[in-house]
Structures are given as structure tokens and as C-alpha cells.
Amino acid sequence: LHRRIYPARLLIPVLAPAAAAGIGFLLSLQGKAGAVGLFVLAVALATFAAGLWGGLVAGALSYLGLTYWFLEPMHSFAVRKEGAAAVVLLGTAAVSVSVLLARERRAARRAQKALEAREKALGIVAGSHRLATRLSAAVTASEVAEVLVEELPTAVPCDGAWISALSQVGGELELLAQQGFAEVTVRAFERIPVDAPNPAAQVFRDGEPRWYRSAEEFSRLHPELARIYADAGVEAMALLPLAVGSRPMGFVALRFAQPRPFLPAERRLLGSWARQGSEALVRARLYESEREARESADEARKLAARLQRTTADLAAAVDLAEVAEVVVGELSAALGAVAGWLSLVDDSGRMLELVASHGYSRDFVERYRRVPLDAPLAVAEVVREGTSAWLEKASAETEYPELQEATEATTGDGLAIVPLRSAGRTFGFVALRFWESGTFSDAERTLVQTLADQCAQSLERARLYDREHRIALTLQQSVLPDDLPVLEAVELAGRYFPGATEGQVGGDWYDIIELPRGGIAAVVGDVVGKGIAAASAMAQLRNALRAFAQEGYKPSTILNRVNRLARSAGFSFATLLYLVLDPDTGWCRFASAGHLPPLVVRDDGSAWFVEGGRSLPIGVADDTTYRQATLSLAPGWTVLLFTDGLIERRGESLEQGFARLQEVACRAGPDPEPLLDAVVERMLPGGALADDVALLAVRPVAVPAPSLRLRVPSEAAQLASVRRSLRGWLLAAGSDPEVAEEIVLAVSEACANAMEHPRSPRERFVEVEASATDGVVSLLVRDSGRWRPLVSTAERGRGLRIIEQLMDRVERSESDDGTELRLVRSLGNGAAR
Amino acid sequence: VSGVQLEERRGVTVARLEGEIDHANGDQVGRQLERTLEEAETALVVDLALVGFVDSSAISAFFRLARLAGEQERWFGLVVPAGSVVDRVLRVVALDEVAPLFQDLDAAVDEALGGASS
């Protein structure tokens, strides 16, 4: 812009008049007419070269020179002529230079003015430059939006700037950055569905900016939003689209606290900045997706793996709809679709039922919730034919007029409808809507189809799982007793906890069977495997056990038979413990098919595992002969049956598990319900269990045994029958056989004494009474006379000494009615000496 | 209830008892065994393997036999199945301190021959 004065440019105005003067001089030699011509010529040239002022000065000087020449003709012709020419030349040159310099100064002043005018524009240009620089440095879409929000107020001073863009998964416009907007506004418009009747969404859809000069103008155009507008403290507002070519990206909103007009220059400037921002936004989005793709070069594979994993995770806990939700969401996100929708053929096989959608309006979802499979719809056709459809907007409208609605329901043009297939059967479709119309490359088609196929597998698995799970659950529920029987002689408590994958039905169960000849059978078992197979094997085992139990077989025989049945029917391996309890005596017989030993919990704070009676699991070998063992439960003791899920813990040996259970049981005591509560609380961590767990606690209730009363003639021959009766009664009262024998001996001695010692008995009978409470037996041997002194013979005294040695307590009382010997003995093993 | 069956084992008299011995038959069994002891040449083994119950009358008889055997310089021992009720009772009353208890007949006869010859 700085104009320099070059010497060459000065030469032209100097030389041109000089040349003209020279020509004039040569003409003047011809006479006066020539001189006049010379004068005119010089003035003309000077005027041409130096402008009006230069021409006037040159003319005056030339006139003086010529006048001088013509007025003094007598002077030396040559000298006068040359003098005149020199004067003309010098004058002309001097004037020309001065005039030229003046012109240059003027030009410089004008340039300076222009410069200043540009400076203002320059501010904007510099702003544009800064914007471009900052935008190019912004990597992510959010950063781009931040830059725009900061820079836009420098172009047109405003009180707030807002950038929203189409979300990555499509379907809505999400706020990327804003400043100067109220919290309420932010919350209200943070996410705007693309099909919302909102001016911002309209700007996004049609790409036309909106200029609201005042709140009145806005309210007139959008009365429904006037209130929000006023609340937001907005007077004037500008809404500009963010778009690249025909592809809408988002919108810009500028808030002005005062009404104002929007000058054309401002509109142009904002438009230009918005375009710059849009391009940066596209670039940032590309970068983001590129980065995502780079982070996993095998994005599709990773996605598929993620879907598989997600499905596996979800399968146990959630229904098909949620899996479908994930599938549509993930597919849309992965492929950059703006909206997606997934329908499956329903149970009737005649309708397509919408299971999940994303980015579509509620109206659309409602309208397409159920579509007949034979409807003339592209989606139905895809399912019928089993082939995918790739629709451009144009073809969609001509070939599939019904899809116009679907097209209008959302922005975006391309529509891919891909069948969901499994085992050669199409069971649904997934439709994805894209921005770009009709440009599905082969690679894209392959990718969409591949991902859809993988999703189909996940979905099909979820479907099958749903069904299988329902069946397995039903089976399991049919196996586990709803309520344990309420029995007079036995207290029962049972628990079942499913394993970690919630709802994944395991193979553990427990059962209580009332036996036809009295007593009960308690069963705890664990079928190898999970799901429907395990549940059905469990049901069969349970029924087989119940059937054999009704036949009254002993435990080992029952396991032999169940094993043979399992082998011939070919169902799974199982471990189980079958225990028969005679509640009257506390005697248990049990057989274990590879199962964990039962735990006996005593009422004195001790507990022990009862080994023995263990053979191979059910279903392992044909010729397994099952062993049997016994255990004795005193009244008040409990036997706890359990499955391995209770004691198995990661990073812990089985022995540690056993020890922990034993300790917990010792502390909890034998009451079945509190025992199980304590065991569950201490043994099973909160939250998910790795394996399912079945627990069963069985306790013979301390029913006081009916007391025994015998009255026999005082004859030694009766002793044997007294012993027989007493022996039977003691065993029934839960006595250990050895202890029973000791008591029998003591009573037999006492009776012999009662028969032989009395002097003058009133009647020759001996009475025996026996009663048991809390594991202690009291015996009374009574006769109707008085005993002779016992010291008479050493041998006779031996009987009494035996009694004293075998009994815990011996008391003798004599009265007129006779003599009574009271014997007390605990039934526990500990009292033997 | 029980009878006493006698037999000879390598010159040793063996009295085999069966059933239950109590006050009803204890004296009778005792007297029978005393006679047998007298008739025995050197040693008497009383085999209680098939006896399910003994009371103080039997025990007294055994103590008496042990005393008599000492007086008559004859060897006297009993066969009692280990862990049986009878075995426990006899040990409770410390019969094993006056007469040796064996778990089987052959061991008792061996000991009777050894004990008698020494």
C-alpha cells in the first residue's frame, strides 16, 4: 500500500513537455503561426503531464518566452531562440516536478485513508485468521465448539454463544459448548431431538439461518416458546446452521440482551464463521471416529466381541429387549447411523415386533411397533426374503412409498435394512438410517451385514436363553420343596441360593421324604452342569429317590438303584447324600455318592464331620456298590447337609472351608433356622455366589420318650424279660447300645437285689420304672419289703458295687411301703467308665 | 438258659457257656464249673464267647473259681470276645486281676499249657 515515487515516472512529465517545446520551436522557425502552435502544444503537453496547475504555469512561462522572442526580434536570433527554449523547458520541468510531488502526497494521503478503512476490516480478518488458527488446533468436536463460543463474540458482540451438534450416535442435537446462557436454558436445550418443533432444530434441518431482532419478533413467530425465551433473558437472537455442503452438523445460537438489527455485513460475517466452524467440526468428528478406529484397528471385531461379551453378560440378567437395545445402540454408534430400529418375528410367526429403537420419535415407534410380516413394507420384505435392502432416499420414495414416513420421521437419507439370521432362518431385521444418501460402498455393506450377523447370534442366544431359562427355572422350582414338611419329631430348615450368573439355574437341590414306615429321608445333591440339562437331571434324580424311598430300601440300596437308573437313562453325574433318620432314636443311616460329609452340630458347642459311607458319584460307573454308614443324633443335635458351593472359596483349600464351617457351626449351635442363618451369613459372601448352594438342617426334636413301667414277680427267672424290655426301651430313647447294656446290667442287679434281699415283703413283686429326659435316664427299682443288711456276704454286696460303678448316681430309700433304689445315668458316651 | 458243654483241648478242659448268666442260673452254673475244675487235671478254660450277659452271680462264681483254682493249684482262665459287654463288665469288676482274660480259645489253651507246666 505504500506508494513510492520512481525517477522514471518523473522523467515522463519532464521529457514530454520538453519534446513538445522542441517540436514547437522547430515549427516556430516557419513563422508566427508556428510560434502560436508551439505555445498551444507546450501548454497542452504540460497540462497533460502535470495537470491543470502545471499547464497554466507552463503556458504562462511559454507565453513570456515567446513574447520575449517576438518582441525583441533584433537580438541575436540564435541566442534569443535558445534562451526562450531553455526558459520554456526549465519552467515546464520545474512545474511538472512540483505538481507531481503534490499528486504523490495526495495519493499517499488517500492510501493512508484506505489503509485506515482497511484496518477495521483487518481486525475482522485478523479475527478470522485467529479463528482459523485456533480451529485448526482444536482436536475434538468439543474443543472446536469451545473455540467458536469464545471467538464468535469478537465478530459480533453478543451476550451468549451456544453450539450444539448432532450427537455421535445421531438422533439428537447435543450441546457441545456455550457461554452466557442461563442454567435453566442449558438444561432445557441440552439435548434437542432432531425432529423437535424447535427453531434450532428447524435451522439444523433446513440449513436456513434465523434472525430474531427482538423478543416480540420471536414470540410472534414461535408463541409456544415465548415464555422460555423470555425466561432465558434473550432479546435478539441469531440461529445459524452448522453444515458442510448439504450435510447438517448442528447449529449456533447467539444471544443478545438488547434488541438489535442484524446488518448484512454481520450476517455475512457470522455465516462465514459458522461455515469455518462447521468444517472444523466435520474434521474433528472425522478425527474422533478415526481415533476410535485407530484405538482398535479392528473396531468391527472389537465391537463384535463387545457385543458377544455384552450379550453374555446381559443374557443372564436381562431380557431380550435389553440385548436388542444394546445391539441397536452399538450398531448405530459403530456405523455412524443417526437412527436405528430392530424388530423380531414374534411367537406367532406372523408379526414383526419392534424390540428396540434409537433416534426415532415416539410416534414413529408406536406406528411401527407391530407390523404384519406380509405387509407391503420394505422391512417386512427383507425378513421374508432374507436379503438386505440398501435404500437411497430417491429409491426409497419411489420403490417404497410407505417409507416416506419413516424417512420424514428422522433426518438422514440412506437406509440399510439388514435381516437378522440364525441357522438359515430370518427372525428379524435391524434398520439403520444414515445421513448420506445411497452411498453404501461394498465395504460398508459387508461391515453392516457382518455386524448384524454377529448381533443376530447374540440375539438368538438371548432368545434361546430366555426360553431355556424359563424352562430350567420351572423345573428347578418343581424340584425344590415349596415348604418343608412340618413334623412333630423332626425340625427342618432348608436354603437354596442360585449361583453368580443370576437366574442361571444350577444343579443343587435338597429334599425331605417322609418314609412309609416312619422316619424321614433327607437328601442333598448336586448335578454336574447348569441350565435345562442339569435341572431336568435333578428332577429325575429327585423323583427316582422319592420312588425308591417309598419302597423302604436302605440308603445304600437306594443309591445302587439310582445309579443303575442314571447309567441306563444316561443323565448327568451327580453327587448326593441320602440320609435316613429315625427321629425316635436319633439313629441315622446314610450313604454318600461322592458327596461332602454331613456335619453333626451338638448342643454343647461342638461340631464334627461324619466321614464314611462314601462311594463314587452317581452316573460314573455301572457296578458301583454304595456303602453305608451311621451316625447318632442325641435329641437336640442337628445334622447339616450341604453342597460344595458352601465351602468352596477361591484361593482357599477345601480343608480351610471345612474348618471355617465347623467353627461357624460350633458358634451358632444346633437350632436349625439360626444355624442356617449364621452359616449363610458367615460362609456366603454378600453379592454374587460363584456356585449355587443348597443347605439342609435336620434335627430330631427332643420328644420325651414315654416312660417304662414293669411289674414282675420276684423270681430270678423274670430278670431276663426285664432286661429285654429295658434294653428295647433304652435304644428307643436314644441310648448308645453300650450304655444301654451297662444300664441293663445295673437294673438287672437291682432287681435281683429287690427279689432276694427283702425281709417280709408284703407282696412278691418287683416294679421297674424308667424315664428319659434330656439324655438322662432315671430308673426306679422298687420292692415292698426291707433289705437285709448288705454286708452279710461279700459276694452279695458285689451286685450293689457294680451298680454304683455303672451309674452316675444311686440313691436308696426305705419306707414302710418298701425299698426304692433310684439309678440315674446319662445316655452320652462320656459317662462310660 | 445255658448249659455247660465240656471238651478237651490238648489236655486242657474247656467249659463252653452259652446265653445269659444271671441270678436265675448263676449259682447252678457256678457249682457246675467248680465241679469241672475239680475234675480237670491241670487247667480249666471257661469260654464265654457265646455269652451275651453276665451279672454279679456269674461274676461271683468266677471269683470263687479263681480262688479255688489257686487253692487246688490249677490254672484257670476265661475267653471273652474283645469289646463285648461281658468283657467290659468283667474288667469293670477287676476280674482280670485274679484270672487272665483271653480273646480267643487257642491263646487261652496255649497259656494254660505253658502256665500249667511251669
Side-chain angles (χ1 to χ4, degrees), chain A residues 712-728 730-731 735-758 766 781 783 790 792-807 810 821 825 829 831-833, chain B residues 1-3 17-34 37 46 48-71 76 78 80-99 101:
Chain A
V712 295
S714 294
E715 292 162 15
Q718 295 295 325
L719 289 173
S721 84
V722 169
R723 289 199 297 272
R724 213 164 29 244
S725 302
L726 182 63
R727 191 178 284 125
L730 284 169
L731 290 178
S735 165
D736 185 285
E738 295 181 355
V739 175
E741 278 313 314
E742 291 176 8
I743 296 172
V744 164
L745 174 57
V747 170
S748 186
E749 293 292 347
C751 288
N753 262 335
M755 288 168 180
E756 294 176 5
H757 295 310
V766 170
V781 179
D783 60 62
L790 289 171
S792 60
T793 66
E795 286 170 15
R796 287 296 179 205
R798 179 166 284 126
L800 205 55
R801 281 204 302 282
I802 289 176
I803 295 171
E804 280 166 351
Q805 273 178 300
L806 293 175
M807 293 294 104
V810 181
L821 198 63
R825 170 71 204 261
N829 289 321
R833 55 206 76 177
Chain B
V1 178
S2 72
L17 305 182
E18 209 176 320
E20 299 191 332
I21 308 168
D22 61 10
H23 280 70
N25 57 1
D27 288 349
Q28 183 203 339
V29 170
R31 278 193 299 277
Q32 227 171 324
L33 290 177
E34 280 169 35
L37 180 68
V46 174
L48 300 176
L50 299 175
V51 171
F53 178 84
V54 290
D55 72 358
S56 58
S57 65
I59 291 167
S60 297
F62 298 150
F63 273 104
R64 208 159 47 238
L65 279 173
R67 185 163 49 80
L68 290 173
E71 288 166 9
F76 167 62
L78 293 130
V80 187
S84 67
V85 185
V86 174
D87 181 48
R88 266 203 334 282
V89 171
L90 296 187
R91 288 178 197 280
V92 164
V93 298
L95 181 70
D96 53 339
E97 287 173 15
V98 298
L101 304 184

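Here the structure is a predicted model, which is why all the values come from computation and not from measurement.
Note that the CG atom of Asn25(B) and the CG atom of Leu719(A) stand 9.5 Å from one another [nearest 0.5 Å]. Remark: Ser748(A) OG to His23(B) NE2 distance equals 8.0 Å, nearest 0.5 Å. Rounded to the nearest 0.5 angstrom, Ser56(B) OG and Leu800(A) CG are separated by 9.5 Å. In this structure, CZ on Arg727(A) lies 7.5 Å from CZ on Phe53(B), to the nearest 0.5 angstrom.
The minimum heavy-atom distance linking Gln805(A) with Val92(B) is given by the pair NE2-O, 3.1 Å. Nearest approach of Asp55(B) to Glu749(A), heavy atoms of both residues: CB-OE2, 2.9 Å.
Residues Val85(B) and Glu742(A) have side chains not in contact (no heavy-atom distance under 4.5 Å, counting atoms from C-beta outward).
Within the 4.5 angstrom heavy-atom criterion, only side-chain atoms of Ile802(A), from C-beta onward, approach chain B.
Using a cutoff of 4.0 Å between basic side-chain nitrogens and carboxylate oxygens, Glu741(A) and Arg88(B) are not scored as salt-bridged.
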